[in-house]
Amino acid sequence: MTVGPLTAPVETAPPPGRRIKSSRGWWTATAIVLLPALIPPISLAWQVLTTGTGTTLPLDRLLELFASTVGLTVAVTTTALSIGTTTAWLTNRTDIPARKVWMILAALPLVIPSYMAALTIIGATGPNGLISSWLRFEIPTPYGFVGAWLALSVFLAPMAHLIVSPALRLIDPATEEAATGLGAGQRRVFFTVTIPQLRPALVSAGLMVGLYTVSDFGAVSLLRLDTFTRAIFTLYAGQIDRRPAAALSLVLMGLALAILFIERRTRSRAGYAMTRTSRARRPIEMLGWPKGLSLAFLAAFAFISLVVPVSVLLFWLIRGLSAGVELGAFWDETLRSMGVSLAAAGLAALVSLPVAMVTTWKRNRFSGAVESATWAIYALPHITVGIAVVAFALTWARPLYQSVLLLVLTYVAMFMAQSVSTVQDSLRRVSPVLEDASRGLGRGPLQTVARVTVPLASPGLAAGAALVFLSVMKELPATLLLRPNGFETLAIRIWSTTGEGFYTMASVASLALIAVSIVPLLALTYRDLSD
Amino acid sequence: MKRLVSVAVVAALVVAACGSSGSDNRIIVYSGRSEELIQPLIDRFTDSTGVEVEVRYAGSTDLAATLLQEGDTTEADVFFAQDPASLGSVADLLADLPRSILDSVDPKFADRNGRWVGTSGRVRTFVYNTETTIDLPQTIDDVTDPRWFGEVGIAPTNGSFLAFVSAMILERGEDATLRWLESLEVNDPQEFPSNSPIVAAADSGVVEGGLVNHYYLLRLRAEGEGTHSENWFIPAGDVGTLVMPAGVGILSGTDRPQEARQFVEFLLSETAQTYFATETFEFPLIPGVPPAEGLPALEELNTPDIDLSELADVLGDAARLVSEAGLV
């Protein structure tokens, strides 16, 4: 077998002039899909500009919120990335026992919404908590910064795991083997060869985790950490006047844009494209204490992220059943949750294709703005997006108000950053040579996309759709505001049952949500398992 | 790609099929009271009158804000809320209720201008852990005593707490209320997002006591817990034992005034009032229906004299004071 210089780092940003002619149509497509996505921020800014801010918070409180939000975001992002990269590496690169089981277990916690995670952490700890009573030793409930940091890190780590895993597999073994052949140790290879090649995936995962943290309300409210998003929810909930919350949301969006600006400034432009399929790679042998330690790590992660929440839910269920609580089924809610999640996932994947294509192929100020816009919307608290869309629909699109269509479009706007970034990750690995070859052989641009680009981007499209599906399944605040009357979803029932203390019903709805969410997740990991 | 598109299309069809079908004999109710508590009762209403009800469940304040945003274009016929403040803030959108409905409850549980009527009583209470707590607060001011340092659970962002603070503003004025909130904050209260987790925390001993509505403990007992805690109705007759009725009003733009009125009358019927007493553990507001077992009669409680119609006017001030005192 001949081994040529097949995977040298290449600039994926093409030389000036290339591709521009063929991509004009894609720019138009991008503009068309992006316009509806811009409705929430524009409507929000419009509201604030025309109606004023009302009585907002004093400056020192704003600074406090700023500090805790930034602190939490940095802490959660680094922790979740470390955990997720570790689980991805252990389950993709080593010969650890039951590797494929761990691979699924490491991804599964993503199906658990942050409010449910926080609720079960509270149910498991404290004087009469479930785990405390198992151990006959009181584990204090981790309220405040520590609690929110732990909960979000553990339950967002699977996001990093899912994004880093395919990237790890797609790295050409030749580069690492070459480094090993030149005498570098395993650790050196990992940090100097593997990690740099993972960089684009790590950046996507970092943004996805970090900006999710910025927008999260469930964990921070239950575990009592004051962040921007919690303050915004408080303002919405506590008063009829919605102006102060809208103004604060604009500040938060500014914060997200600042994070994106910093990320963009520090990002390396180099990418790694492959021009052939990767050869099989020999897994790294794990022996002795590293093996024991790795297994302990994976087991501890699965215990905290899966065993604890599911046990607490089952405990509520059994406690309620023995107290004679009548159970309700949630068939309609399950169908509706699945329906809107599937619709949003499919649509998000569809619209993210042109956006990802233009932003990967042509890097300029406009494509940068397009990318930042999708991320900025992703970082907005969902209640803000919901209220902005309500205001928009009532004024400009009354027939769409409280319609499923508008609900699904809003989901797509909120979460398309996830699918755009996974598709980008896929496209970055596609050598431009393949598309050029297709064009050179006389295929038109659309045919090239259908026959070459889409198949090559399909892992990213599938991963993006699955992530959007999971996000929509869990979404609550925007759903509450935008759904048609009587259109209850599983997330809504979990909210209303836990709010009123119907824990038995809440556990049924939560278990249904987990069961349904597992399907796309298994579909996603199935691809990984078949390697 | 094709697969993606077809999946999206199928999903859209499923969603459309799940949507509600149209009917002529139907009213739309915006309910700030949750589905678990209220839907069984609404089903009974439909069974006995044949009037179908389409319900939008969400938070009371949320729905009030939504109604204000929708204004005259709202499709809602009835607003059923957890508290008088939400009802009061949309009073301009509500129609005058007939005298016969208003007269069925004590006038202090209905709007002064006849726009809404209370349907069930929810009482503020001090829930406490029976194993650790000995001396109970005799007034709402005792709750801020250093004796309770770090041991009181509150839900400062929750509607019920804000309504309680609003009532205190009406009772004592803004300055005194701010002072009370500040002394509460100095005492390091434990903050929770809502009432349920406070009751659970008091029951498990995480806190010794908490300021909540009375029925959450009974709810917890129905789930098979709640044996280590008890409700304490602060006896001084101050806002610590405020009665906050859930209530209902009819939107003035309704095109089904007859059915909407039927719905309100049903909520004040003996069937519904008994349901509130036995299923949601609230206090019935019409004479002759007793509260749930283990609860005192409403008249036995020493409750403050507050004009609930004014609650909405000070709700915004309450949120501001809670924030000024550093509680949120």
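Letters go in sequence order (proteins before strands), and every chain restarts at 1.
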Residue part contacting chain A, namely of [X], when any heavy atom lies under 4.5 Å:
X: B/S31; answer: neither
X: B/V206; answer: both
X: B/S89; answer: side chain
X: B/A222; answer: backbone
X: B/S323; answer: side chain
X: B/I28; answer: side chain
X: B/Q39; answer: neither
X: B/F161; answer: neither
X: B/N158; answer: neither
X: B/Y57; answer: both

Hey, are the side chains of [X] and [Y] touching, using non-hydrogen atoms and a 4.5 Å cut-off?
X: B/D77; Y: B/L251; value: no
X: A/V390; Y: A/Y401; value: yes
X: A/F392; Y: A/Q47; value: no
X: B/Q69; Y: A/R242; value: yes

Taking side chain as everything from C-beta outward and backbone as N, CA, C, O, which of these in [X] sits under 4.5 Å from a heavy atom of chain B? Side chain, backbone, both or neither.
X: A/L222; value: both
X: A/R398; value: side chain
X: A/I492; value: neither
X: A/A391; value: both
X: A/R319; value: both
X: A/T498; value: backbone

For B/E36 and B/R219, run salt bridge (Lys or Arg N to Asp or Glu O under 4.0 Å): C-alpha distance rounded to whole Å, both residues' side-chain angles, the deciding distance at 0.1 Å, then the answer. CA-CA 12 Å; B/E36 287 67 39; B/R219 181 65 245 151; over 6 Å; no
Using a cut-off of under 4.5 Å on heavy-atom pairs, state which of [options] scores highest against chain A.
options: B/S60, B/A65, B/G224; value: B/A65
options: B/V29, B/D62, B/L37; value: B/L37
options: B/T73, B/N195, B/V90, B/L220; value: B/T73

So, B/R221 side chain and B/G226 main chain: donor-acceptor pair closer than 3.5 Å or not?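 The answer is yes, because a donor-acceptor pair under 3.5 Å joins these two groups.
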Nearest 0.5 Å, what's the CD-CG distance between B/E185 and B/L178?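 Result: 11.0 Å between the selected atoms.
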Between A/R493 and A/F330, is NZ or CZ placed under 6.0 angstrom from the six-membered ring centre and within 45° of the ring axis?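 No cation-pi geometry.
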Cation-pi check, A/R224 onto B/F192 ring (under 6.0 Å, within 45° of axis):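 Yes; both conditions hold, so A/R224 lies above the ring face of B/F192.
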Step by step, work out the salt bridge (Lys or Arg N to Asp or Glu O under 4.0 Å) result for B/E324 and A/R61. CA-CA 10 Å; B/E324 264 176 42; A/R61 178 127 162 75; over 6 Å; no
Around atom CG of B/D72, are there more than 12 heavy atoms of other residues, nucleotides or ligands at under 6.0 Å?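 No, because the 6.0 Å sphere around CG of B/D72 holds 12 heavy atoms or fewer from other groups.
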Is it the case that more than 12 heavy atoms not belonging to B/E75 sit under 6.0 Å from its CD atom?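 It does not: B/E75 CD has 12 such atoms or fewer within range.
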